Participant: 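Please find one structure pasted underneath; my questions will follow.
The chains referred to below are lettered A, B, ... by the order of the sequence lines, with proteins before strands, and numbering in each begins at 1. Because the structure is predicted, anything quoted here is derived from the model rather than measured.
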Amino acid sequence: MLLDFRSQSRCAKMPRVSLLEIPQAEKKSFQRRLLSWFSARKRDLPWRGTRDPYRIWLSEIMLQQTRVAAVISYYERFLEKFPTVEALARARTETVLARWAGLGYYSRARNLQRAAKEIVAHHGGKFPRGYEQALALPGIGRYTAAAVLSIAYGEPLAVLDGNVARVLARIGAVRGDLRASALWRGLEAGAQELVTRKSPGDWNQAMMELGATVCTPKSPRCEECPVSAWCRARKLGIAAEIPEARKKRATEKLTLAAAVLLDPQGRTFLLRHADGDGDLFSHLWQFPAMETSAQAGSELQNHLHNRFGVTVRGSTVSLKSARHAVTFRNIQVWPFLMRVAQLPDFRGAKTVPLKQIGGLPISNLTRKIAAAAIVHFKAEGGLTGTKTRTLENHNGAAAKA
DNA sequence: AATTCGGGGAA
DNA sequence: TTCCCAGAATT
């Protein structure tokens with residue numbers, strides 16, 4: 001058996017993951033099998049084939065909790081705009097967020113730029129080689145530090161992400177909640193014992209690739225697995241039961257009414273922060289909105305009048321509702337189109353032509369609301385001659401109605 | 001140790 | 001529909 005995950009008895013409640021009983025010869029053949037599988041079957045991804053630490057780093061940040069397929073176009077478009085760490089460091093945060101818009105977890109983008117500034121200021125513009133120095137940068141945790149240093153610099157540091165954790169847990173037939181910190185630490189130690197000194201970057205990517213394409217969460221393709229001979233879960237017939245299902249927070253329904261204000265010049269009104277709810281889409285522009293129990297346009301009008309001094313003239317048009325799921329919240333938004341003579345001058349707000357908001361840092365929810373308004377105009381023939389590319393972001397991703 | 005942050009593709 | 005993804009920061 002390659003891996004032995006028995007408790008190591010210092011503390012019965014803190015099971016230790018140990019690889020102590022690995023025969024050296026078996027470990028080597030395990031490594032050879034996986035590396036040669038990776039060499040033959042690895043996907044051709046934009047960040048492979050470079051050793052530029054900036055590019056490796058960028059890819060790793062974008063890939064945090066985000067699938068490869070979703071990242072590729074963002075990665076390419078981001079590098080187009082910010083080809084070097086210096087370019088990123090001197091850019092406006094607004095511009096950086098605009099390129100990130102739609103990818104989610106926006107604090108990643110802000111931390112990325114903060115780290116870029118630090119690297120330029122304190123590391124001579126080069127991603128630091130030391131683990132502790134890397135960890136000290138904003139947005140870099142144990143996973144990302146190990147990933148960048150191993151892939152870019154060949155440092156023998158093992159990564160542990162969701163993929164690797166699943167692979168190791170199945171190989172060792174480890175039950176329990178892998179995310180529990182004690183167990184996660186044990187898996188990190190297990191991963192570190194396996195990492196190859198010669199090509200740690202390839203090794204790490206091979207482990208993750210195996211988890212992403214073969215040792216998948218559901219219906220693992222064990223017959224295609226290059227290391228199935230060492231897999232304890234497969235031997236026990238419990239591969240599908242590992243890892244244990246993660247406990248999830250119950251979803252909450254949230255109903256919002258949002259205002260698409262429109263002045264005679266076709267401009268609309270955006271805010272940095274939602275009125276009702278806190279840090280959702282932090283630092284992104286959004287339409288003024290409020291929580292409602294039902295589809296209530298007049299309630300929204302009152303709110304706008306009290307808060308921004310807006311007086312809507314004429315009727316408000318109820319637009320097609322948009323649904324959006326963010327973490328545990330299930331949001332339904334009722335957008336209302338409201339024409340005003342003049343948009344309010346409000347601190348922290350912005351007025352911009354509705355058809356140009358596609359280029360701003362906005363969430364996909366805001367994009368959907370804008371899409372509903374544009375659809376309305378097209379049906380009405382109100383924006384003759386205007387192209388509706390306005391809803392696409394910089395990555396060509398468009399909101400789906 | 002528990003929570004929170006986005007969004008979408010696959011099952 | 002549900003799940004979970006090349007996680008990190010905050011509390």
Side-chain angles (χ1 to χ4, degrees), chain A residues 14 42-43 45 47-48 56-75 97 100-112 114-115 134-148 150-151 158-167 177-185 188 191 201 203-213 216-220 240 243-252 277-284 286 323-331 361-368 393 395 397-400:
Chain A
M14 277 224 320
K42 68 181 171 190
R43 293 168 291 179
L45 303 175
W47 45 88
R48 289 187 173 156
I56 305 295
W57 168 38
L58 174 63
S59 73
E60 292 300 342
I61 300 297
M62 287 188 162
L63 286 163
Q64 286 169 7
Q65 295 292 288
T66 310
R67 293 176 186 283
V68 165
V71 165
I72 293 175
S73 68
Y74 279 87
Y75 174 81
L97 282 171
W100 204 275
L103 193 57
Y105 285 134
Y106 298 100
S107 63
R108 291 185 296 179
R110 291 186 289 117
N111 283 334
L112 181 73
R114 286 173 50 206
L135 270 185
L137 294 168
I140 309 259
R142 297 201 299 271
Y143 164 80
T144 306
V148 174
S150 65
I151 298 170
V159 300
L160 186 73
D161 72 331
N163 288 310
V164 178
R166 186 173 55 252
V167 168
D177 179 6
L178 305 188
R179 308 242 168 217
S181 64
L183 185 45
W184 191 263
R185 286 283 188 174
E188 284 179 327
W203 175 259
N204 283 330
Q205 293 182 79
M207 289 285 282
M208 294 189 282
E209 189 95 342
L210 187 69
T213 65
T216 49
K218 291 173 187 171
S219 346
E244 174 181 287
R246 166 161 56 168
K247 43 207 171 261
K248 59 198 176 228
R249 173 166 180 178
T251 60
E252 292 175 9
D277 47 308
D279 284 348
L280 237 53
F281 314 125
S282 73
H283 296 75
L284 303 190
Q286 47 200 305
R323 287 186 174 282
H324 195 70
V326 32
T327 62
F328 61 91
R329 269 174 279 254
N330 212 321
I331 307 174
I362 60 176
S363 72
N364 278 0
L365 176 56
T366 301
R367 210 174 295 281
K368 288 174 190 172
N393 64 15
N395 302 285
K400 294 170 192 168

Participant: From C-beta outward on Ser219(A), which listed nucleotide comes closest to its side chain: dA11(B), dA6(C), dC5(C)?
Facilitator: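 Nearest listed nucleotide: dA11(B).
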
Participant: Rounding to an integer number of Å, can you tell me how far Arg185(A) CZ sits from dG7(C) P?
Facilitator: 16 Å

Participant: What's the gap between dG9(B) and dA8(C) when it is taken at their C1' atoms, as a whole Å value?
Facilitator: 23 Å

Participant: Please write out the pairs of protein N or O atoms and N or O atoms of nucleotides 9-11 of chain C separated by less than 3.5 Å, giving the distance to one decimal.
Facilitator:
from	atom 1	to	atom 2	distance (Å)
dA9(C)	OP1	Gly139(A)	N	2.3

Participant: If you check every side-chain atom of Tyr105(A), which of dA11(B), dG6(B), dT4(B) has the closest atom?
Facilitator: dG6(B)

Participant: Give Gly211(A) one of three labels, base, sugar-phosphate or nothing, depending on what nucleic acid heavy atoms sit under 4.0 Å from its own.
Facilitator: nothing

Participant: Measure from the side-chain N and O atoms of Lys42(A) to the backbone N and O of Ala206(A), and report whether any donor-acceptor pair falls under 3.5 Å.
Facilitator: no

Participant: Using the C1' atom as the reference point in each nucleotide, state the distance between dC4(C) and dC5(B) in Å, no decimals.
Facilitator: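 These two C1' atoms come out 15 Å apart once rounded.
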
Participant: Counting only side-chain N and O atoms of Thr327(A), is one of them less than 4.0 Å from OP1 or OP2 of dC5(B)?
Facilitator: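 Checking Thr327(A) against dC5(B): at least one side-chain N or O falls below 4.0 Å of OP1 or OP2.
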
Participant: Does Arg329(A) have a side-chain nitrogen or oxygen under 4.0 Å from the phosphate oxygens OP1 or OP2 of dC5(B)?
Facilitator: yes

Participant: Specify the closest pair of heavy atoms between Leu178(A) and Trp184(A), including all atoms of both residues, with the distance to one decimal.
Facilitator: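 Shortest heavy-atom contact: O-CE3, 3.1 Å.
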
Participant: Considering every strand and a 4.0 Å limit on heavy-atom distances, what is the contact class for Thr144(A): base, sugar-phosphate, or nothing?
Facilitator: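 Sugar-phosphate, backbone atoms only, no base.
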
Participant: Can you name the nearest heavy-atom pair linking Leu135(A) to Ala145(A), along with the distance?
Facilitator: CD2-CB, 4.2 Å

Participant: Output the rounded distance in Å from CZ (Arg67(A)) to C1' (dG8(B)).
Facilitator: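 The distance from CZ of Arg67(A) to C1' of dG8(B) comes to 8 Å, rounded to the nearest Å.
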
Participant: So what does Arg43(A) hit on the nucleic acid, given a heavy-atom distance under 4.0 Å: a base, only sugar-phosphate, or nothing?
Facilitator: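 Touches a base.
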
Participant: Under 4.0 Å: is that the gap between some side-chain N or O of Arg179(A) and OP1 or OP2 of dC5(C)?
Facilitator: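 Answer is yes, contact under 4.0 Å.
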
Participant: To the nearest 0.5 Å, tell me how far Arg108(A) CZ sits from Leu58(A) CG.
Facilitator: 10.0 Å

Participant: Between dC5(C), dT4(B), dC3(C), which nucleotide gets closest to the side-chain atoms of Phe328(A)?
Facilitator: dT4(B)

Participant: Rounding to a whole Å, what distance do you find between Leu63(A):CG and dG7(B):P?
Facilitator: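 Distance check: Leu63(A) CG to dG7(B) P gives 17 Å.
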
Participant: If I take atom CD in residue Gln64(A) and atom C1' in nucleotide dT4(B), what distance separates them, rounded to the nearest angstrom?
Facilitator: 14 Å

Participant: Hey, mind stepping through Gln64(A) and Tyr143(A) against side chain to side chain donor-acceptor pair (under 3.5 Å) and telling me if it holds?
Facilitator: CA-CA 9 Å; Gln64(A) 286 169 7; Tyr143(A) 164 80; over 6 Å; no

Participant: Verify the contact: side-chain N or O of His324(A) to OP1 or OP2 of dG7(B), cut-off strictly under 4.0 Å; return yes or no.
Facilitator: yes

Participant: 5'-most contact on DNA chain B: Ser107(A) or Ala180(A), nearest heavy atom basis?
Facilitator: Ala180(A)

Participant: Looking across every strand, which nucleic acid part, if any, lies under 4.0 Å from Leu160(A) by heavy atom: base, sugar-phosphate, or nothing?
Facilitator: nothing

Participant: Over how many whole Å does the gap from Lys247(A) atom NZ to dC3(C) atom P extend?
Facilitator: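 It works out to 14 Å between those atoms.
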
Participant: Would you please confirm or rule out a distance under 4.0 Å between OP1 or OP2 of dC5(C) and any side-chain N or O of Arg166(A)?
Facilitator: yes

Participant: Look at the side chain of Arg249(A) and decide which nucleotide, out of dA6(C), dT3(B), dC4(C), has an atom nearest to it.
Facilitator: dT3(B)

Participant: For the residue pair Gln286(A) and Phe281(A), what are the closest heavy atoms and their distance?
Facilitator: NE2-O, 4.0 Å

Participant: Does Trp184(A) reach a base, just sugar-phosphate, or nothing at all? Heavy atoms under 4.0 Å.
Facilitator: nothing

Participant: Tell me whether the side-chain N/O atoms of Lys218(A) come closer than 4.0 Å to OP1 or OP2 in dC3(C).
Facilitator: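 Checking Lys218(A) against dC3(C): no side-chain N or O falls below 4.0 Å of OP1 or OP2.
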
Participant: Hey, mind stepping through Arg43(A) and Thr213(A) against side chain to side chain donor-acceptor pair (under 3.5 Å) and telling me if it holds?
Facilitator: CA-CA 10 Å; Arg43(A) 293 168 291 179; Thr213(A) 65; 5.9 Å; no

Participant: Looking only at non-hydrogen atoms, find the nearest pair between Leu284(A) and Ser363(A) and report the distance.
Facilitator: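 Answer, listing the atom of Leu284(A) first, then Ser363(A): CD1-N, 3.7 Å.
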
Participant: Measure the distance from CD1 on Ile61(A) to P on dG7(C) and round it to the nearest whole Å.
Facilitator: 11 Å

Participant: Mind checking the C1' distance from dC3(C) to dG6(B)? Whole angstroms is fine.
Facilitator: 15 Å

Participant: Taking the C1' atom of each, how far is dG8(B) from dA9(C), in whole Å?
Facilitator: 23 Å

Participant: I need the CE-P distance between Met62(A) and dG6(B), as an integer number of Å.
Facilitator: 15 Å

Participant: Tell me the interatomic distance from Trp57(A), atom CH2, to dA8(C), atom C1', rounded to whole angstroms.
Facilitator: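 My rounded result for the distance is 14 Å.
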
Participant: Under the 3.5 Å rule, do the base of dG7(C) and the side chain of Tyr143(A) count as making a donor-acceptor pair?
Facilitator: no

Participant: Once you apply a heavy-atom cut-off of 4.0 Å, does Val326(A) come out as touching a base, just sugar-phosphate, or nothing?
Facilitator: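 Contact class for Val326(A): sugar-phosphate only.
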
Participant: Report yes if a side-chain nitrogen or oxygen of Arg108(A) is closer than 4.0 Å to either non-bridging phosphate oxygen (OP1 or OP2) of dG7(C); otherwise report no.
Facilitator: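 Result: no.
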
Participant: Taking 4.0 Å as the cut-off, does a side-chain nitrogen or oxygen of Asn364(A) come that near to OP1 or OP2 on dG8(B)?
Facilitator: yes

Participant: Restricting to non-hydrogen atoms, name the atom on Val159(A) and the atom on Val164(A) that form the minimum distance, rounded to 0.1 Å.
Facilitator: O-CG1, 3.7 Å

Participant: Tell me what Ser363(A) touches on the nucleic acid: a base, only sugar-phosphate, or nothing, going by heavy atoms under 4.0 Å.
Facilitator: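 Sugar-phosphate contact only.
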
Participant: Do you know which two heavy atoms are closest between Arg166(A) and Gly211(A), and how far apart they sit?
Facilitator: NH2-O, 2.7 Å

Participant: Going by modelled atom types, is there a donor-acceptor pair between the base of dG6(B) and the side chain of Thr66(A) at under 3.5 Å?
Facilitator: yes

